[in-house]
Asker: 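Below are the structure tokens for one structure; questions will follow.
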Number of protein chains: 2
Amino acid sequence: MTSVTGSTAAIWVQSFAAGNANQRTLLGGKGANLAEMMRIGLPVPPGFTITTLACNAYAQAGRQLPAGLWAQVLANLDVLQAQMGKRLGDPADPLLVSVRSGAAVSMPGMMDTVLNLGLNRRSVEGLALQTANDRFAWDCLRRFVQMFSNVVLGISGHGFELMLAAARSKAQVETDAELDVAALRRLVDNYEAYVLQQSGVPFPQDPLAQLQAAVQAVFDSWGNPRAQIYRQLYAIADDLGTAVNIQAMVFGNMGNDSATGVAFTRDPNTGEPVFQGEYLLNAQGEDVVAGVRTPQNIQLLKLQMPRIYSELCETSLKLELHYLDMQDIEFTIERGKLFMLQCRSGKRTPAAALVVAVDMANEGKISREQALLRVSCDDLQNGMHSRFRDANPPLVFTRGRPASPGAATGMVVFTSEKAVQMRKDGHDVILLRPETTPNDLEGMHAAVGFVTRTGGTTCHAAIVARGMGKPCIVGCDALEIDLDGRSATSGGVKISEGDLISFDGGEGIVVLGRAEISAAQPSPQRFELLKWADDVRQLRVRANADTPIDAATARSLGAEGIGLCRTEHMFGQGGHHPERLAVVQRMILAETTHERSVELANLKPMQRDDFIGIFQAMADLPVTIRLLDPPLHEFLPTDTDIDALQVTDPTAAQRIRIKKAALHEINPMLGFRGVRLGIVYPEIYRMQVEAIFEAAGQVAAQGLVVKPEIMIPLAADFAELALMRDMVVAVAAEQRVAVPYLLGTMIEVPRAALVAEELASVAEFFSFGTNDLTQTTWGFSRDDAEVGFLSHYLKNRVLADNPFVTLDRRGVGALIQMAVDDGRRARPAIKLGICGEHGGEPNSIRFCAEIGLHYVSCSPLRVPVARLAAAQAALLIKGQAANASSV
Amino acid sequence: MTSVTGSTAAIWVQSFAAGNANQRTLLGGKGANLAEMMRIGLPVPPGFTITTLACNAYAQAGRQLPAGLWAQVLANLDVLQAQMGKRLGDPADPLLVSVRSGAAVSMPGMMDTVLNLGLNRRSVEGLALQTANDRFAWDCLRRFVQMFSNVVLGISGHGFELMLAAARSKAQVETDAELDVAALRRLVDNYEAYVLQQSGVPFPQDPLAQLQAAVQAVFDSWGNPRAQIYRQLYAIADDLGTAVNIQAMVFGNMGNDSATGVAFTRDPNTGEPVFQGEYLLNAQGEDVVAGVRTPQNIQLLKLQMPRIYSELCETSLKLELHYLDMQDIEFTIERGKLFMLQCRSGKRTPAAALVVAVDMANEGKISREQALLRVSCDDLQNGMHSRFRDANPPLVFTRGRPASPGAATGMVVFTSEKAVQMRKDGHDVILLRPETTPNDLEGMHAAVGFVTRTGGTTCHAAIVARGMGKPCIVGCDALEIDLDGRSATSGGVKISEGDLISFDGGEGIVVLGRAEISAAQPSPQRFELLKWADDVRQLRVRANADTPIDAATARSLGAEGIGLCRTEHMFGQGGHHPERLAVVQRMILAETTHERSVELANLKPMQRDDFIGIFQAMADLPVTIRLLDPPLHEFLPTDTDIDALQVTDPTAAQRIRIKKAALHEINPMLGFRGVRLGIVYPEIYRMQVEAIFEAAGQVAAQGLVVKPEIMIPLAADFAELALMRDMVVAVAAEQRVAVPYLLGTMIEVPRAALVAEELASVAEFFSFGTNDLTQTTWGFSRDDAEVGFLSHYLKNRVLADNPFVTLDRRGVGALIQMAVDDGRRARPAIKLGICGEHGGEPNSIRFCAEIGLHYVSCSPLRVPVARLAAAQAALLIKGQAANASSV
């Protein structure tokens, strides 16, 4: 009978008293924290944990409890019964237990909780006696049978609800609480008959049989489909397993000296260091959750139970000091005695996360480095934007993918023209489009935010939105837009032009009418945290900015220069400068080099004035100016505009049509742009370089320090760069300006990375244009992929990450690493940075730090995030180095 | 006077008698061959060569003759005068010399020749006396003054031509030959006066002054713009320099015992071992070239001068044995004595090149390996195609880029529909289009050849043409096509639908009417050479073939398997199977997976039958089948077809329009194609794999050996390939067919090369799809680049080679090398091949051989070229290895 095999020697069960917080993997989060609280002397109802090892052994053995497990459960139960002076199923004074699952990682989809286990038709009488409350005891039994049958026996709750409704109807009452003992007794009878009918076996009356079934149900729930899918989605190992916690019940509903509640050690909404929570007198935990009665503010407990309140505050402080983090706690007061039922790291808003971390560092509880690592970049970013006050707002019209955070209210419009017009009339407008293109930029400028039916998080609308700092939702699949009818429908609801809607770009929710919106409130802690980040990081952070205003904004947010100044916006792209666009169009339509030169001469003073403003805004800091990049056809009028022109000037219209057709490309992404323009039309780049040097000379003459960096886009071969270098050197010599400058290139096609050593013999800096480099390395068109196969790939986990969001280390990263190594070989002092969208994404920033780039460049509003991410990267690299050296 | 400096010690001048053929760099090609002929005892008029070193020293010193040069010239001249018994400028019996340039590389743009140098007003009398021909002597002087003034003094020839015309007019004669001595004397007077007027100095009478000026003119011509551009174009070093050959004149016009001629040691047109040439009695070389008199066939010389003819034949044999190659010789017979004036490797037609090389190997003059290296792949390819008999045909309509060799005559049509219709009526048609697209394929099948206004040598029309083995010209810039008017204009000439035209795709010439065309005549030598190639090469050669007929053709041309069988043509793309296209379109328009499955089930038997035919044609040999690659929208009807459908079935038309819009992509090259289709619509790939296994099973059951290789296109990540592997393995298991097969992938985006090690854990072979890999590595859209900036790049030598023609070793090659190394690391036995257009291009094939690929795959008609190229690569690699080991 005592034969010992390998597996029976295993420890499958451990008392709370024997554990601690470090045993999270073995005991699950809930079990480990219960043990820890007991270990530091907090009042925890005794109990024990069946370990995750047992769960795995059970699964491996084909749903057989491992040998020895049950004996260990019984032994621990004996200890518990002795400790409590009660026995499970005792008809006079029964021990009741709760059975709760608890994995190392919090995971929805698993069986959660069975309360009051140990009740049956005999022990219910003992409970009634002990609580002096027949109705309470029978209601407990009624609930237990219902909960156990549903959760453990797998019988749908619907039948029980019908019987309950019938009982209310018969008793002519409206709520369950009004059912009397007799009714509850009959209900238990009916429930048990129903269980027999559904399962073929009677409801288990033996408390040990109940316990074993509950334990197996928890184990089984680890493998149920919902839990499996969740694990797949969040890459949680299947062999982690769940623990089962069996704990003596305490009752907060034993009278007015009893209560139950939840609390936070600090305000989870604001992060303020104020003890916060709510409770119900004479109630069980279920009642707080069910919302039948309105819980009271915890401050009231101070008046009602001053001793307990004080004990709770002390416990709260103790827990926070112990865990060094804000805690979320559950407690029950039974007949004037406080019991702790759970503690865990408290969920908090992004803004609160930042405040808590900085405050705790300032309180000396954690280091500044810990504070920096504890605030996620998402928290920092989301903490900056306005949002719906209500996370589950009413009147939801449709949903989509959150593409740019922030909340907005405005009148819906369906065309850019209308957006501009209504904005002129003083209205806030929200632009709702099937998708956006560069032709919509004017309308996007006019709108307070954009919603699109198609697109992923890096589609045109999303990128422009984040660049402009405006909220945006994309990929609202359920939306149908009728552009002709100027209306949109979703889920049967129709909105028309001018209707008021609101949306939260951080949540991806569009609602009808005006929603309540919480404004962004940057806290002093935010500034403090970013200052600490600056002290720690190695990577410099620059901004992608094309105008003096953007440059100033970026600088105010901590940018240390401009990493990408796109000159196409100065050419009138995107409706920035319609008067310039006309000149640019004439330049493109020029039939001779001379004609083109005339128009370029008209453009030059405009370019120069732009550069003057930017150099002034970025005095003392480097400014990387990319020469013209987009294909020329992007500057020509739209077909609609040409049709309009047809009426007034058919010759001009025809001329533009012919030029458009000549410039048309099947794959514009791989087309006639970047340095290819500079080589075929050298006069365009020459004009730009002249404007740069003229501007630099003028600003330098004002006594400001100017640091221009001229960037040649899309080079794939040494010869391209060498030709451009010769041109720049020649212009610099002609200008006779003594402003030091750098000449470099963007690495944005794979070949550039492959021939980086040759390129570096000319280029004084490399800036990795990871948007295009990702497109060409993968052969993914960003404009198409995210709405096409890539969304399928991501949904079905063919790819773990969207390479346009998180830099693909294995492929694109390998090319970057190669270019960095080869570039440094040719020119050890070469300056290295990144200016794609990834420059503002934390994982990608970490990669940049790891391979030793000098800077990242991102949109102005992402600069703070990049500063934090760079600091975190530096800390993690330092940590790795420390670990490596200590091994 | 005899002070010796570093440079005066140099040898600037060398007598013909002191040189040999190996001194080509020092003496230039002409000088080295003259020296060599003299060395082996052939009768060469004596003379000497001013070396290329002197030319370089002259250029470096700022156009100053290097110290010592002139003294050496005079010393050599003294020797020459002594040898000839005549003196330069002697009024009684003058020595006359020719001065001719001659670089190591034959190079147009340089000064060529001055004849009769040494003549002046006094020595002309001596010449008259010696030749007993006043008129001849004065005509010589007239010509010398004109040639010298033009070539050496740089005076435009126009003035001289005017004076000559005036003289003819005054003498009332029609040709220069009819001018009498008096007229010629007056002309010399007028010429000299004109020279004085134009140059400000008298025409030099001093023969030494003439000589020095001529030498300097040759030196200067090395640096003239035309020569510089030529050197840039052909990557010839600027410091190569030209030599100057000064040689005693001999005269073929001293009576009927004198003659001059040119000859080839074998027939340069056919390669037959027949002595060939032509000559003129009593004439100078100029007369042969000028075409005033018709030269006689060299066979006649046998009758007129049997001894000389016999000596010429012996000389011919001797030269060929000495140079071990067919020679082109120039000779002059002066008063019954033969003089050799030049010999060089003879230019020959592609067909002749092959015949000569194989014959010479069979004659034991060269080795088979030498024969293999001597026939260029272009020769082999061009020797296979028909061509215009006349290289400069009359009635040229327009010109363009040679895109696919071969000549054709047919009626011009401007639409594919018309091509099909007229072909049905029994006419040969030539399709003339602005450009071609997959929609034109039916018409291209119907036509005998295609001509397009736009496009480069790898545009759609060119690729399809070479694949079909039809002639093609692209990029006819001067052409204007009026599709509505069904006519085309070039240089003011208009042709209309149905007009007869001819074109030569190897030359890029289109003519009006029917041109004389030489048919392709594969010689027995061709088969012999290719057999030798097969003995030598390491690389296997496969073909890209999609049908049983193509497969059989490829096999007959020596293909050792199929490296790329594209299944899209079996899906009806390109008008191959209109009945299937209808099924495919229904499949694409299917709204549910079930609907799609029904149509796929209809397609499967068709696919299976295709595979059966291909497996039979390629029994015993591997067949690589690529699963569906192109984006689905390519299979949908054209807008024109949809508009037509609108009339009969507006609902269907609208449905197709919506689907087309949904499938539209901004950059289809980077779009929803290849394995991306296989992952989003697994049922499509599954059907194809089932068809492959079913076909393989049936053919194997016939007792034939089947070797299917299933190729997954466009994989960029391990997960994609692993999913497809799972599917293929599952289908193979279901089919229970014991046919061994391989599963592999195309490497056609950079990321695939970067993660090759992971891919190779699944893939049993890699096939490099270098067309797409080049597009993505460079960021060049092939469809756009060649007509856009890339043609500018190539024209202006920004890039030396078109990377779509010659594999870019530095960039694309580096990725391939990486994939080969990493792939072999994961799977040492991995099979490696290439199936892009580069698979048939010799330089690229050499790269494939160097990095140890197992095979190349190319279009069936390129298979012979690939066999030769592979042999040449093997020989060159062997040669390099031998050189390396001997160092």
Side-chain angles (χ1 to χ4, degrees), chain A residues 437 631 662-677 679-680 714 716-720 722-723 748-755 758 772-785 788-790 792-793 796-800 803 808 810-815 818, chain B residues 631 662-677 679-680 714 716-720 722-723 748-755 758 772-785 787-790 792-793 796-800 803 808 810-815 818:
Chain A
T437 71
L663 291 176
H664 171 77
E665 292 181 311
I666 298 169
N667 296 292
M669 165 61 211
L670 308 175
F672 189 1
R673 37 180 290 251
V675 68
R676 301 162 192 179
L677 287 173
I679 285 178
V680 178
L714 211 70
D717 190 78
F718 168 81
E720 295 173 314
L723 281 171
E748 46 188 339
V749 295
R751 195 172 191 280
L754 294 164
V755 303
E758 292 166 26
D772 283 5
L773 193 57
T774 300
Q775 297 195 72
T776 46
T777 301
W778 283 84
F780 283 178
S781 164
R782 192 178 62 191
D783 290 320
D784 305 312
F789 62 89
L790 187 54
H792 177 100
Y793 273 33
N796 293 278
R797 306 286 296 167
V798 178
L799 294 181
D808 156 42
R810 185 73 185 80
V812 177
L815 281 174
M818 216 177 283
Chain B
L663 291 175
H664 171 76
E665 292 182 312
I666 298 169
N667 295 292
M669 166 61 213
L670 307 176
F672 188 2
R673 37 180 293 249
V675 68
R676 301 162 193 178
L677 288 173
I679 284 178
V680 178
L714 211 72
D717 191 78
F718 168 81
E720 295 173 313
L723 281 172
E748 46 189 336
V749 295
R751 196 174 190 279
L754 294 163
V755 302
E758 291 165 28
D772 283 5
L773 192 57
T774 300
Q775 295 195 73
T776 46
T777 302
W778 284 83
F780 283 178
S781 165
R782 191 178 63 191
D783 291 319
D784 305 312
V787 296
F789 62 89
L790 186 54
H792 177 99
Y793 272 33
N796 293 279
R797 307 286 299 167
V798 179
L799 294 180
D808 157 41
R810 184 74 186 79
V812 177
L815 281 174
M818 217 177 281

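Throughout, a chain's letter reflects where its sequence line sits, starting with A, and its residues are numbered from 1.
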Asker: Name the member of Ser781(B), Ala753(B), Gly811(B) that forms the most heavy-atom pairs with chain A at distances under 4.5 Å.
Answerer: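 So the answer, after comparing Ser781(B), Ala753(B), Gly811(B), is Ser781(B).
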Asker: Taking the side chain as every heavy atom from C-beta outward, state whether Asn667(B) and Asp783(A) have any pair of such atoms under 4.5 Å apart.
Answerer: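 Sidechains of Asp783(A) and Asn667(B): in contact.
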Asker: Quick check on Leu714(B) against chain A: is it the side chain, the backbone, both or neither that has a heavy atom closer than 4.5 Å?
Answerer: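 Interface part for Leu714(B): neither.
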Asker: Check side-chain hydrogen bond (donor to acceptor under 3.5 Å, both in side chains) between Glu748(B) and all other residues, then give those that pass, not counting sequence neighbours.
Answerer: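 For Glu748(B), no residue satisfies side-chain hydrogen bond (donor to acceptor under 3.5 Å, both in side chains) once neighbours in sequence are set aside.
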Asker: Sort Leu799(A) into side chain, backbone, both or neither according to what part of it lies under 4.5 angstrom from a heavy atom of chain B.
Answerer: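 Interface part for Leu799(A): side chain.
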Asker: Most heavy-atom pairs under 4.5 angstrom with chain B, which of Leu663(A), Leu815(A), Leu677(A), Val812(A)?
Answerer: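 Looking at each option in turn, the highest pair count goes to Leu815(A).
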Asker: CG of Asp784(B) to CE of Met669(A): how many Å apart, nearest 0.5 Å?
Answerer: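 Reported to 0.5 Å precision, the distance equals 12.5 Å.
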Asker: What's the shortest heavy-atom distance between Gly779(B) and Thr776(A), and which atoms?
Answerer: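 Taking Gly779(B) first and Thr776(A) second, the nearest heavy atoms are CA-CG2, 4.3 Å.
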Asker: Looking only at heavy atoms, what is the nearest atom pair of His792(B) and Ile679(A), with distance?
Answerer: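 Minimum heavy-atom contact is NE2-O, 3.5 Å.
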Asker: Using a cut-off of under 4.5 Å for heavy-atom pairs, which of Arg810(A), Gln775(A), Glu720(A) has the most such pairs with chain B?
Answerer: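 Sorted descending by pairs with chain B, the first entry is Arg810(A).
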Asker: Among Phe780(B), Tyr793(B), Phe789(B), which residue satisfies the ring pair (Phe, Tyr, Trp, His ring centres under 6.0 Å) criterion with Phe672(A)?
Answerer: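 Of all the options given, the one that passes is Phe789(B).
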Asker: Enter the distance from Leu723(B):CG to Asn796(A):CG here, rounded to the nearest 0.5 Å.
Answerer: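 Separation between the atoms: 9.0 Å.
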Asker: Do you know which two heavy atoms are closest between Val798(B) and Ala719(A), and how far apart they sit?
Answerer: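 Nearest pair, atom of Val798(B) first, then Ala719(A): O-CB, 3.2 Å.
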Asker: Heavy-atom pairs under 4.5 Å with chain A - which of Thr777(B), Asp772(B), Val749(B), Leu790(B) has more of them than the others?
Answerer: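 Option with the greatest count: Thr777(B).
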Asker: Check whether any side-chain heavy atom of Trp778(B) lies under 4.5 Å from a side-chain heavy atom of Leu670(A), and answer yes or no.
Answerer: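 With C-beta onward as the side chain, the pair stays apart.
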Asker: To the nearest 0.5 Å, how far apart are CG in Asp808(B) and CG in Asp717(A)?
Answerer: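 Going from the CG atom of Asp808(B) to the CG atom of Asp717(A) covers 8.0 Å.
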Asker: Out of Glu758(A), His664(A), Arg673(A), which one racks up the most heavy-atom pairs below 4.5 Å with chain B?
Answerer: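 Among the listed options, the one with the most contacts to chain B is Glu758(A).
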